[in-house]
Amino acid sequence: MLVQQIVNAISLGGVYALLALGLAIVFSIVGLINFAHGELMTIAGYCLLGALLMGVPLAVAVVVAVASAAIAAVLMEQIAFKPMRGASVTSLLITSFAVSSLLKVLFQNGISARPQPIAMPSWMTGAFQFGHVSIGVGPLLSIAGSALALIALELFLRRTVMGTAMRAAAEDFNVVRLMGIPAGRIIATAFLLSGLLAGLASLLWIAQRASVDPLMGFTPVLKAFIATVVGGLGSLPGAVVGGLLLGVIEVALQSALPPDVAPYRDAIVLSGVILVLLFRPDGVIPAARAQRS
Amino acid sequence: MRDRRRINRHLAGLVSAAALMLGAASPAFAEEIIVGVASAQTGGLAPFDQPSLAGLKIAVDEINAKGGFGGKYPVRLVVKDTRSDMGATATITQELVDAGAKILITPCDADPSIAAGQVTQPLGIPTLTFCGTAPILTGAVGDVMFGTYPGDNLQATVLANYAYDQGLRKVYLLKSPDSTYTMRLPEYFGEVFTRKGGAVVGEGSFSMNQSDFSAEVTKIKNLADKPDLIMTAGYEPDFPAFVQQLRAAGVSTPVFGADAIGTGTILGLGKLVDGTVYTAAGYATPGSKLAAFETKFKDVTGHAPESAYEANGYDIGLILDTAVTKADSVDPKAIRNALASIEKLEGVTGEITYAGTDRMPLRSVALVKYQDGARVFIGTQVPAAAEVPAP
Amino acid sequence: MLSVRSLQVRYGEVEAVRCVDLTVGRGEIVALVGANGAGKSTTLAAISGLVRPAGGSVTFQGEDVTGLAPELIARRGVALTPEGRRVFASLTTAENLMLGGAVHLGRAALKEREAEMLDLFPILRRYHRIKAGNLSGGEQQMLAIARSLMSKPKLLLLDEPSLGLAPQIIDKVFDLIADLRRSGLTILLVEQNVALALEIADSAVVIANGNVALSGSAAELATSDLVRQAYLGI
Amino acid sequence: MEAGVHGVAERRLSKAMGGALVDALAMAALLVAVGLVLTMAGVAPQRTGTHAAIILTAVVSLQIFSGNTGIVSFGHAGFVGLGAYVVGLLTMSASVQASALRNLPTLLAGHEMPLLAALGIVVVLGIVVGVVSGAPLFRLSGSGASIATLALLIIVYTVLVASRDITRGSQPFYGVPRDVGLWTAIPVAALALAFARIFRELPIGLSARAVADDERGAAAIGIDRRFTTLFAWAASIVVAMAAGGLMAQFLGAFSPKDFYFGLAFTTLAMLIVGGMTSSLGALSGVAVTTVVIELVRRVEGGGEIGGIVIPPVFGLTEAVLALSMILIIWRRPEGLCGGRELNLLKRLGLSGPPTAAAEPPARTARLTIRADGLTKRYAGIVAVDDAGVELPTDCITGIIGPNGAGKTTLINMIAGAVAPTSGTLAIAGEPVTRFAAHRVARAGLGRTFQNIRIFPRMTLLENVLVASRQVVPGLAAAERAAMRELTRVGLAHLAEQPAGSLPYGLRRRLEVARALALDPAFLVLDEPAAGMNPVETEWLTTMLAKVRAERRIGVVLIEHDLKLVMKLCDRIVVVDHGRVIAEGTPAEVQANPDVIAAYLGSRTSARVLAQTEQETKPSNPTGEFSHA
């Protein structure tokens, strides 16, 4: 049972980590906590649905979905956030709330307020048996998916010029521009990456829930937000650690709390978050920021 | 523009007041009856209110084509969006009342319905919730408030009876504290089930919209006392997530649910939900009234109904038509009394009775089972009033 | 090569640079000196595009670059080594160097240039795979200069290279600047330590309160009482 | 009645408070007027008005906290909910309670209080809840605190949902008597609004705004950020819970989800639209949003207007709200009111700046700041290394050294802004090692900063007042003391201007005035002349010398302008590489070879030294710092 719960925790934490990473990448570059990140997930979901309805094979539909979230993220930046460059964190945050609520209205009235089913292939709901432990294809897929995405992202950040520039920009954006690297391209790449991560997380999320609805993005983005805060706002390793930590804590509490206390679970988790902040105001792994005199 | 609207409203008020006086003088005069609809067309309740309104509109159009309620009172629907906001619901209700509404329809949830009912109760205006199922609803407001959809306790009773009759004796209840429906329905089930001799062997909880059930599933899998069934009122996206993860973990215990899982999404789960039994307001067997409604709905709107709420919305039209016909008057109090006396009305979803209830309808509940990627109709039950647990 | 005319920069209400004129000829070192807060760094920031001038013009190689984005000015061959070094602390020395030339050079040329830089700054060779944050102040200053040079700039803007460094290290840095000049690089140097600056510069501009107080050849200024007054307050 | 209050304002109230009272009365009168119009318009408009007034109370509660402290709170909606449940429980009839809440603890059962009594209890409870829940907030600042409020929202919601025996969990909580109408909601809203208007002029409100504008600047004048934040939080929670109480009696039935993210976002949006930093902003935000919603929702249902059939577009309200919010943030980030208050008296020209108080008496006792072995290490770097200095009153001490030598770190350690790694510090014999900056300030140390830290969104007068009221009892007297310091630095004529509009040189003067308003024994200035022109520098020099002579305080300054240092200072301390390398009179220090080496680098220094020895000194009575 313990092994199984550990697998559960990693699988849930992996999805949170992807989401948190998406938020953190954008935050590290432009100082925006993008609450419309959840709507990117919803867009990916609707595009997946649309593609499947048009009879596109699953593999292609998945690519379409992830790509659409990435494009949507870049468009969102161009349309909504570009005029706000350099605004305060709070102004940006609240703009993203507004964008998020605008998109929700659009989905509700343009598509449908009702959840739309997305049929997942049956192999995804199978399970592997390892001795006493049976591990579902779903959790495995989500662990593998998150792990691959994290590795790919890490390779991108370490091995490519743009990736290196992005890590540098998170530290000191202006100096990166002094190296001749265009600001617009770095920001667009940050949003593109966050969109890709949102798309991927959306697939894993939808694989579990089998439907898309206009409001589906809210819970995951809230979790991601909590994870990034715990990990350290703007710190990429922090986001991953925060996501995994949140997954582990949620699963641990879910399995350990007696039924009478179980409804208080979220209150306990959030009190923990406040506690972490009290002792480490900048999160578990604070973001590296250039000290400017 | 606002001024003109206000003048219009005043004019409407004057006209209806004048009409009322005229109506009192000569009952044969055809007068319009305003049905105020305070519904959530946006926000969290929109998924329920939008389809309900679509169904109601079809019914009203049909009724108007025949001359209106009772064949002589043309119906005018005045629809306002509450944005799923409580304060707005109360205000909008007042506006609808001011605009001359004789009958009020409220959102698909107990909170705003109670808030609206508190405006209409002192005025004696009959108020019907679109599909609020919390049985406390009518008691909390008073004699003008009517439920239309099968109450949580009613659904739970039918399900528990069925489960017990199938020889199932041990149940695991999966609840979510996040809503009345997801919390209370399994509890009502447990109440009926234990009264009949069954046992609750465990309880679990989940947070809505949080698709990860792995910890809960692992707990269920490792229960010492294995349940014969799992009862939950979770719906989308929670129900599909739960069942997927439950089956993936190799637990084959049947899962029972309530009306909110009668959707395409759940059907789309295919073999995963084999054996899942759920309640419904009605079931469209070939040739049934409900099947006819669904065809009609598709003809009118161009798409099939997304849920049972469209049909329920349509039935509200029928209920109101029956009540006004019975009252033969547009006096709200008369309509209210007529509503309360309705007995065995044949709606498209089934039989509906208010007489002798606390205005949550005693009505037929269909039991449906998912089998091999299709719905199998089990039957329809109208439980005895005594069996239904108190709210 | 660089010509700045009537430059004016505001930070909101504050006028940091009121009116600055200066010219840098090819192959020259021009020192921009003045007290803290006089507007030296702001002038460099305006030339490099980091701040948008409120008035005046910046011309580089005959082309008006006033108010262009920093990345565009960088591509024209202007490199700024910012005050306080500002190396990317979480990146390795190699990565810092790579970014310096990434958009200017191809992959092969980048490798070649990196090798040249490591020859020029042998101390950096040891720290190739070490995070820049772990380097000492002097080493970071070397790295910052090397990073700027990676793009083979035509004009190097050096902002306070002696800041926070030990005297021996300062001497090393200034020896290096002199070497760079000998290799043909044009340099605009901002320095608080006027003696040091005048020692290696060809000409100098003294800024006080956002205005040019004095300008002339370094040799002249070094012996001028006016410099002492404007800068040292004697 | 207004005239009466105005009269009182002349005699005992501070000018600012008088203005605030008039504003408060004006806004309250406006609300009452709107109420009267609505009363005549019919029942539905009255409901809209009642709801708007309750929402206004909630938005005002948010304004009191977020507007003054600058910490955006997502948590207030949760406390509105808490207030609703408390009032609901206290006012509910016992019979409904018996059926709806069977397991209610007896302590809570059967009170059947009238609304007013229940609101009284809410106020008391609000203070308790505010203080308890504010604990994490006063330890965090900035976005960390903001995020903690978000966590609080979720916690309150979860607790309300989970406490089923008391709140009915997620089920509707019903049976609350509905006694709140327009004429209950409007007086409470007016009261809340008046409180918010007055709050910003109270010492605590001033402190909170100072903290929001510049945390370190605020600490330097003795403001305890933790206490201030906590106080503002508790006060705002009281108002939020009162709003909840009204909401409970307006709705009659509710559940926790009505006080969750939806309400949090709506109230925040309204406040931002109006402008977060003023009570007028809260009022105008609610007014504008309510009008927009009322207009748009009439259109969105569709229908026929003037013969044109408009199809229903549900969601228009939400969309318009979201769009207007984005537009406001783009175009007017400070909100519609631009963060300004009504300031009726000033607008009407009925109020001028207060008169200046008399000079404080000169200090007689000779005191010292004594630092021993102060050391500060940052990850691997030693910024200050075993520095020991003595700084007496009635003396101007200059601290000089090359850029990056550790001067500012040293000063920051003395002022409590940076905690030393080791070493001890005493002011006037009293040990203050590791005291927070605000406690050092209270011990008698006023300071300025290298990169000026004034409070840009406060007026000049408020900038100084917030400091003077730390030492002067009574706001009116403090105002006059502040005016005295403004006059001293020659800024009295700008007293009512926002400090953010000052040019650079004058900001420095303001900062000096603010430090002087603390009536400190020691005035510590970090590069006071940086960025000033010669005239301004000259003025500053004269002013400092005069203040030192008149008040006999100790002045300590870090300065790069050596001319100024040599001219002004009695003693000079030279710091290099974190160490004190020389100390003495200007002449002594200038002759010190170590100093010259530190300044000019080892190689040049040798040459300079050689020259220095050749030069004659008698021509420089103040001493000079020679140079090649």
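Just so we're on the same page: letters track the sequence lines, and every chain starts at 1. Given the structure is predicted, the values throughout are model-derived calculations rather than measurements.
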Can you find a heavy atom in the side chain of [X] that is under 4.5 Å from one in the side chain of [Y]?
{"X": "Arg209(A)", "Y": "Asp238(B)", "value": "no"}
{"X": "Phe48(B)", "Y": "Arg114(A)", "value": "yes"}
{"X": "Met216(A)", "Y": "Asn209(B)", "value": "no"}
{"X": "Leu267(B)", "Y": "Pro117(A)", "value": "no"}

Just how far is it from atom [atom1] of [X] to atom [atom2] of [Y], taken to the nearest 0.5 Å?
{"X": "Asn8(A)", "Y": "Glu216(B)", "atom1": "CG", "atom2": "CD", "result": "11.0 Å"}
{"X": "Glu236(B)", "Y": "Ser211(A)", "atom1": "CD", "atom2": "OG", "result": "5.0 Å"}
{"X": "Phe206(B)", "Y": "Arg265(A)", "atom1": "CZ", "atom2": "CZ", "result": "11.0 Å"}
{"X": "Ser214(B)", "Y": "Ile6(A)", "atom1": "OG", "atom2": "CD1", "result": "12.5 Å"}

- Message: Heavy-atom pairs under 4.5 Å with chain B: which of Glu250(A), Gln5(A), Gln116(A) has the most?
- Response: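 When all of Glu250(A), Gln5(A), Gln116(A) are compared, Gln5(A) has the most.
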Heavy-atom pair of closest approach, residues [X] and [Y]:
{"X": "Glu306(B)", "Y": "Ser112(A)", "result": "OE2-OG, 3.1 Å"}
{"X": "Pro240(B)", "Y": "Ala210(A)", "result": "CB-CB, 4.0 Å"}
{"X": "Gln4(A)", "Y": "Lys221(B)", "result": "NE2-NZ, 4.0 Å"}
{"X": "Ser207(B)", "Y": "Asp266(A)", "result": "OG-OD2, 3.9 Å"}
{"X": "Gln244(B)", "Y": "Ala207(A)", "result": "OE1-O, 2.6 Å"}
{"X": "Leu215(A)", "Y": "Gly44(B)", "result": "CD1-CA, 3.9 Å"}

- Task: For Val15(A) and Asp212(B), run side chain to side chain contact (heavy atoms under 4.5 Å, CB included): C-alpha distance rounded to whole Å, both residues' side-chain angles, the deciding distance at 0.1 Å, then the answer.
- Result: CA-CA 10 Å; Val15(A) 179; Asp212(B) 187 80; over 6 Å; no
- Item | Contact winner vs chain A - Pro237(B), Gly270(B), Gly204(B), heavy-atom pairs under 4.5 Å |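 That would be Pro237(B).
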- For chain A, find which of Ser176(B), Ser307(B), Ala215(B), Gly268(B) contributes the most heavy-atom pairs closer than 4.5 angstrom.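 Winner by heavy-atom pair count: Ala215(B).
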- Heavy-atom proximity to chain B below 4.5 Å, by part of Pro259(A):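 For Pro259(A), the contact with chain B is made by the side chain alone.
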- Query: Tyr16(A) versus chain B, heavy atoms under 4.5 Å apart: side chain, backbone, both or neither?
  - Reply: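 Answer is side chain: those atoms of Tyr16(A) sit under 4.5 Å from chain B.
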- Message: Which atoms of Thr263(B) are under 4.5 Å from chain A, going by heavy atoms: the side chain, the backbone, both sets, or neither?
- Response: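 It is the side chain, since no backbone atom gets that close.
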- Item | Whether over 12 other heavy atoms sit under 6.0 Å from Lys226(B) NZ |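 Correct, the count exceeds 12.
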- Item | Residues Lys223(A) and Gln210(B): side-chain donor-acceptor under 3.5 angstrom |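 Yes, a side-chain donor-acceptor pair sits under 3.5 Å.
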